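Quick caveat: nothing in here was measured; it's all calculated off a predicted structure.
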Amino acid sequence: MSSRLVGVGVGPGDPELVTVKGVNALRAADVVVVPVMDTGERGRAEATVAHYVPAEKIVRVVFALNERTDRARREAAWDAAGRRVAELLEAHASVAFATIGDPNVYSTFTYLAQTLVETVPGVVVETVPGITAMQDLAARSGAVLTEGTEPLILVPVTAGAAVLKEALAGPGTVVAYKFGRQAAEVAEALKETGRLADAVWGSALGLPEESVRPAAELDGSPLPYLSTLIAPPRRDGGRGGKL
């Protein structure tokens, strides 16, 4: 029989935001892989998974999660992680990989799945969707992500502040991921495009150190790397004005 690799989205950090299907997939797998950085610190995915499966089922695999400048080091880390998960697939019929948010939205799982499809004959890859940080931030802050015909634009600020400015100049809601290290540039972009007043940002959603604040309070100080921003467009047409 073919082995199965299941990418499971476990949400942004709050264990209560894992779906029932996600919990069932984690419990049904023979082992659950959680990504960790080479520092060895416990990540959000691991902390969330620990609420639902026993520790002996959890396998920590090192990924270069924060490596963006040294491509050779990043590729080597992906290859090493792929080999480790391939070993698990040879020994087990079903391996789950837990990822924060959703496995198909800026997830390490994408790269792992590509590697294993090329190296493990017959492996079947599946995904279980998860709640994203933008959904959680919208719920916690009261921000409405979209109305009527508004587009929704998701931008990783790791792509550069210019990409964010271009999105903010458009007509839709802009969500910015991973903007913490460029908080000053993000605040300036919001001011230049008239989006500052209604924008909100958050970090560590669902965790004890959670912070949800108006973007107008951004003072240029660095924020946690995984900070999320929601910048809605102006909505001054009343109820249904965007239809």
Side-chain angles (χ1 to χ4, degrees), residues 2-13 18-19 21-22 25-26 29-49 57-135 153-160 163 175-182 224-228:
S2 298
S3 54
R4 293 171 62 247
L5 175 66
V6 185
V8 182
V10 296
V18 184
T19 67
K21 186 169 184 176
L26 294 172
D30 297 316
V31 294
V32 179
V33 172
V34 294
V36 297
M37 293 191 292
D38 52 14
T39 57
E41 63 191 75
R42 192 187 202 198
R44 294 189 195 180
E46 181 178 1
T48 302
V49 168
K57 277 186 61 171
I58 300 174
V59 178
R60 309 175 92 229
V61 176
V62 174
F63 285 79
L65 298 173
N66 59 348
E67 181 56 71
R68 294 194 166 273
T69 57
D70 189 337
R71 179 168 182 171
R73 179 177 176 273
R74 183 175 68 237
E75 295 282 353
W78 285 347
D79 290 342
R83 287 192 295 270
R84 178 68 182 108
V85 177
E87 293 172 357
L88 294 171
L89 287 167
E90 289 178 3
H92 302 282
S94 177
V95 174
F97 181 93
T99 179
I100 59 172
D102 182 277
N104 294 304
V105 180
Y106 299 131
S107 169
T108 303
F109 179 75
T110 302
Y111 311 122
L112 176 67
Q114 290 174 355
T115 300
L116 293 172
V117 165
E118 296 171 357
T119 58
V120 179
V123 64
V124 176
V125 176
E126 302 173 2
T127 58
V128 177
I131 292 174
T132 61
M134 63 178 163
Q135 292 169 288
I153 305 168
L154 177 58
V155 177
V157 180
T158 49
V163 177
V175 175
Y177 274 3
K178 305 176 183 178
F179 82 91
R181 295 174 185 170
Q182 295 171 271
Y225 173 67
L226 290 178
S227 296
T228 298

Which atom pair, heavy atoms only, marks the closest approach of Ala98 to Ala45? O-CB, 3.8 Å

Residue pair Arg42 / Val36, side-chain heavy-atom distance below 4.5 Å: no

Would you say Asp30's side chain and Val95's backbone share a donor-acceptor pair under 3.5 angstrom? no

For the backbone of Pro224 and the side chain of Ser227, can you confirm whether one donor and one acceptor N or O come within less than 3.5 Å of each other? yes

Distance check, rounded to the nearest 0.5 Å: Phe109 atom CZ versus Gln114 atom CD? 10.5 Å

Is there side-chain contact between Val10 and Thr99, with heavy atoms separated by less than 4.5 Å? no

Give a yes or no on whether the backbone of Ala93 and the side-chain of Arg4 come within a donor-acceptor separation of less than 3.5 Å. no

Quick check: does any side chain N or O of Lys178 sit under 3.5 Å from a backbone N or O of Ala159, one acting as donor and the other as acceptor? no

Please check this pair: side chain of Tyr177 against backbone of Tyr106, looking for a donor-acceptor N/O pair closer than 3.5 Å. no

Minimum heavy-atom distance Ala29-Ser94, with the two atoms named: CA-OG, 3.7 Å

Taking the six-membered ring for Trp, are Phe63 and Phe97 ring centroids under 6.0 Å apart? yes

Using every non-hydrogen atom in the two residues, find where Val62 and Ala81 come nearest and quote the distance to one decimal. O-CB, 3.7 Å

Out of curiosity, Ser3 OG to His92 NE2, how far, rounded to the nearest 0.5 Å? 11.0 Å

Atom of Ala25, atom of Val8 and distance for their closest heavy-atom approach: CB-CG2, 3.9 Å

So, taking the atom named CG in Asn104 and the one named OG1 in Thr127, what distance separates them when rounded to the nearest 0.5 Å? 4.5 Å

Does any part of the side chain of Arg181, heavy atoms only, come nearer than 4.5 Å to the side chain of Val157, both counted from C-beta? no

Measure across Asp102 and Ser107 and return the closest heavy-atom pair with its distance rounded to 0.1 Å. O-CB, 3.6 Å

Closest approach of Thr110 to Pro103 (non-hydrogen atoms, all atoms of both residues): OG1-O, 3.6 Å

Is there a side-chain contact between Val34 and Thr48 in this structure, where contact means two heavy atoms from C-beta onward sitting under 4.5 Å apart? no

